[in-house]
Amino acid sequence: MNAGGVTIAYRTEGDPGSPPVVLLHGGGSRGSVTWEAFLPALAGVGLRAVAMDLRGHGGSARTGDYPLTGYRDDVLAAMDALGLEKAAFVGHSLGGYTAALVAQAQPDRVTRLVLEDPPAPSSTARSQTLPAWRLALPGLMMLAQRGDFDHRALKEAIRRLREPDQAWWDRVPRIAAPTLIIGGGPRSHISAERLGTLARTLPDGRLITIPAGHRIHSTRPAEFERAVIPFLTAPR
């Protein structure tokens, strides 16, 4: 689909009339790979799953320019193109960061928010908890031979995510949706302390830990589903 001039590939599953859940993958992956097992699980509980490929990934356009806000703008434009006035969001890693940007920019369009091991930036000093190639290598090793993503997109995202960003933290209280943060525990490179700070800064945030490392959805899929699906389907 054309989303604000950028081609965004997506896969959807479930009744088109059901409440939508936008799924955003991490750097170096794609929606249909990250969420392959989770898409039918959402459809099975009466939700419409929409898994998007971020720009530079999968079937989406290689733009040559990869600001973090570009991912946000693509997602919002894709929601417009699909006629999604509001949606719940589930985002892993870079996808979680992007989902948070969407909820900061247009909080009325996000009904619920699940952030799986998101790389919350430092507020005051260069991050020492997000070593660049430790984050990059899993995606590079899985996909480098398949050409499923633009390596410039991943490198640029890592560089930008390691920069301190007080403005991002200043916008966190704008997020109105109930938010579930899932940390990967000590096996993950994401700072548990920073995730705790994020949960406390959110107006309606909670943090749980599934000690599976960074890719909780794929290494502990049953536990991930048990945490996420009741949260998405709970009455508000």
Side-chain angles (χ1 to χ4, degrees), residues 1 3 8-27 29-55 57-60 71-118 175-183 199 202-208 210 215-218 220-236:
M1 83 184 120
I8 297 296
Y10 70 100
R11 174 183 167 188
T12 185
E13 192 160 335
D15 189 328
S18 297
V21 181
V22 173
L23 304 170
L24 302 177
H25 62 81
S29 189
R30 63 187 302 173
S32 59
V33 172
T34 294
W35 308 116
E36 181 178 9
F38 195 52
L39 284 159
L42 291 175
V45 295
L47 298 172
R48 177 191 179 191
V50 181
M52 299 182 187
D53 290 351
L54 299 176
R55 67 165 64 186
H57 293 75
S60 292
Y71 298 114
R72 174 201 67 194
D73 295 344
D74 293 344
V75 170
L76 287 168
M79 290 179 68
D80 292 340
L82 292 169
L84 304 180
E85 180 182 354
K86 298 181 179 183
F89 276 77
V90 178
H92 171 241
S93 194
L94 175 61
Y97 185 91
T98 301
L101 288 179
V102 171
Q104 291 171 0
Q106 297 193 19
D108 58 327
R109 301 192 70 176
V110 180
T111 58
R112 287 185 180 269
L113 184 61
V114 178
L115 306 177
E116 179 194 355
D117 224 32
I175 297 174
T179 302
L180 173 65
I181 304 167
I182 307 177
L202 286 159
D204 187 358
R206 56 178 290 220
L207 169 66
I208 66 170
I210 299 176
R215 297 178 58 83
I216 304 157
H217 64 273
S218 62
R220 301 275 188 91
E223 291 176 61
F224 183 79
E225 286 185 21
R226 285 197 296 269
V228 174
I229 288 180
F231 176 77
L232 293 176
T233 55
R236 184 172 180 180

K.L.:
Shortest non-hydrogen contact from L39 to A51?
P.N.:
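Scanning both residues, the minimum pair turns out to be CD2-CB, 4.1 Å.
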K.L.:
Are T179 and L115 side-chain neighbours, meaning at least one heavy-atom pair lies under 4.5 Å?
P.N.:
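T179 reaches L115 side chain to side chain.
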K.L.:
I'd like to check L232 versus V90 (side-chain heavy atoms, cut-off strictly below 4.5 Å). Are they in contact?
P.N.:
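A side-chain contact exists here, since the closest heavy-atom pair is under 4.5 Å.
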K.L.:
Determine, stepwise, if the pair L24 / L54 fulfils side chain to side chain contact (heavy atoms under 4.5 Å, CB included).
P.N.:
CA-CA 7 Å; L24 302 177; L54 299 176; 4.2 Å; yes
K.L.:
Around atom CD of Q106, are there more than 12 heavy atoms from other residues, nucleotides or ligands closer than 6.0 Å?
P.N.:
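For Q106, atom CD is crowded (more than 12 foreign heavy atoms under 6.0 Å).
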K.L.:
Given side chain to side chain contact (heavy atoms under 4.5 Å, CB included), test R55 with V75 step by step and report yes or no.
P.N.:
CA-CA 9 Å; R55 67 165 64 186; V75 170; over 6 Å; no
K.L.:
Within the structure provided, determine whether L180 and I208 are in side-chain contact (heavy-atom separation under 4.5 Å).
P.N.:
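When only atoms from C-beta onward are counted, I208 and L180 do touch, with a gap below 4.5 Å.
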K.L.:
Distance-only, no hydrogens or angles: does the R11 side chain make a donor-acceptor pair with backbone N or O of E36 under 3.5 Å?
P.N.:
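Absent.
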K.L.:
Could you go through V50 and L23, starting from their C-alpha distance and side-chain angles, then the distance that decides it, and tell me whether this counts as side chain to side chain contact (heavy atoms under 4.5 Å, CB included)?
P.N.:
CA-CA 6 Å; V50 181; L23 304 170; over 6 Å; no
K.L.:
Measuring from atom CG of D117 to atom CG of L94, what distance do you get when rounded to the nearest 0.5 angstrom?
P.N.:
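D117 atom CG to L94 atom CG measures 13.0 Å (nearest 0.5 Å).
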K.L.:
Assign the ring pair W35 / H217 to parallel, tilted or perpendicular, where the plane angle (0 to 90°) is split at 30° and 60°.
P.N.:
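If you compare the ring of W35 with that of H217, the planes turn out tilted.
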K.L.:
Roughly how far apart are M52 CE and R30 CZ, rounded to 0.5 Å?
P.N.:
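Between atom CE of M52 and atom CZ of R30 there are 15.0 Å.
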K.L.:
Work out which heavy atom in D53 is nearest to a heavy atom in S32; give both atom names and the distance.
P.N.:
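Looking at all heavy atoms of both residues, the shortest contact is OD1-N, 4.3 Å.
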K.L.:
Please evaluate residues F89 and V114 with respect to the criterion side chain to side chain contact (heavy atoms under 4.5 Å, CB included), reporting the C-alpha separation (whole Å), side-chain torsions for both, the decisive distance (0.1 Å), and the verdict.
P.N.:
CA-CA 6 Å; F89 276 77; V114 178; over 6 Å; no
K.L.:
What pair of heavy atoms forms the shortest contact from A3 to A78, and how long is it?
P.N.:
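Looking at all heavy atoms of both residues, the closest pair is CB-N, 3.6 Å.
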K.L.:
Counting distance only, does the side-chain N/O of T98 pair as donor-acceptor with the main-chain N or O of Y71 below 3.5 Å?
P.N.:
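Pair absent, no side-chain N/O of T98 close to backbone of Y71.
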K.L.:
Under a 3.5 Å distance rule, please check whether E116 uses its side chain to pair with a backbone N or O of I216 as donor and acceptor.
P.N.:
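Side chain of E116 to backbone of I216: a pair is present.
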K.L.:
At their closest point, which heavy atom of A88 faces which heavy atom of T111, and how far apart are they?
P.N.:
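Looking at all heavy atoms of both residues, the shortest contact is N-OG1, 3.2 Å.
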K.L.:
Do P107 and I175 come close enough that some side-chain heavy atom pair is under 4.5 Å?
P.N.:
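No. Closest side-chain heavy atoms not under 4.5 Å.
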K.L.:
State which residue, out of D15, L84, V21, fulfils the side chain to side chain contact (heavy atoms under 4.5 Å, CB included) condition with R48.
P.N.:
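So, applying the side chain to side chain contact (heavy atoms under 4.5 Å, CB included) to R48 and each of D15, L84, V21, only L84 qualifies.
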K.L.:
Would you name the heavy atoms of A103 and V110 that are closest together and state the gap between them?
P.N.:
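Nearest pair, atom of A103 first, then V110: CA-CG2, 3.8 Å.
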K.L.:
Nearest 0.5 Å please: distance from the CE atom of M1 over to the OG atom of S60.
P.N.:
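Rounded to the nearest 0.5 Å, the CE-OG separation comes out at 7.5 Å.
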K.L.:
Determine yes or no for a side-chain-to-main-chain donor-acceptor pair under 3.5 angstrom, with T12 supplying the side chain and A49 the backbone.
P.N.:
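It does hold such a pair.
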K.L.:
Using a 4.5 Å cut-off on heavy atoms from C-beta on, say whether the side chain of D73 contacts that of L101.
P.N.:
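Sidechains of D73 and L101: no contact.
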K.L.:
Could you tell me whether the side chain of S29 and the main chain of G26 form a donor-acceptor pair under 3.5 Å?
P.N.:
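No, the answer is negative, given that no donor and acceptor are paired below the 3.5 Å cut-off.
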K.L.:
Can you give me the closest heavy-atom contact between G14 and A43, atom names plus distance?
P.N.:
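Scanning both residues, the minimum pair turns out to be CA-CB, 3.8 Å.
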K.L.:
Do the non-hydrogen side-chain atoms of L202 and I181 ever get within less than 4.5 Å of each other?
P.N.:
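They are in contact (side-chain heavy atoms under 4.5 Å apart), so the answer is yes.
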K.L.:
To the nearest 0.5 angstrom, please state how far the CG atom of D108 sits from the NZ atom of K86.
P.N.:
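Those atoms lie 6.5 Å apart.
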K.L.:
Kindly assign one of parallel, tilted or perpendicular to the pair F38 and F224, based on the angle between their ring planes and the thresholds 30° and 60°.
P.N.:
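The arrangement is perpendicular - the two ring planes meet at more than 60°.
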K.L.:
In Å, rounded to the nearest 0.5 Å, how long is the span from CG of D80 to CD of E85?
P.N.:
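The CG atom of D80 sits 10.5 Å away from the CD atom of E85.
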K.L.:
How long is the gap from OG1 on T34 to NE2 on H57, to the nearest 0.5 Å?
P.N.:
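That separation rounds to 9.0 Å.
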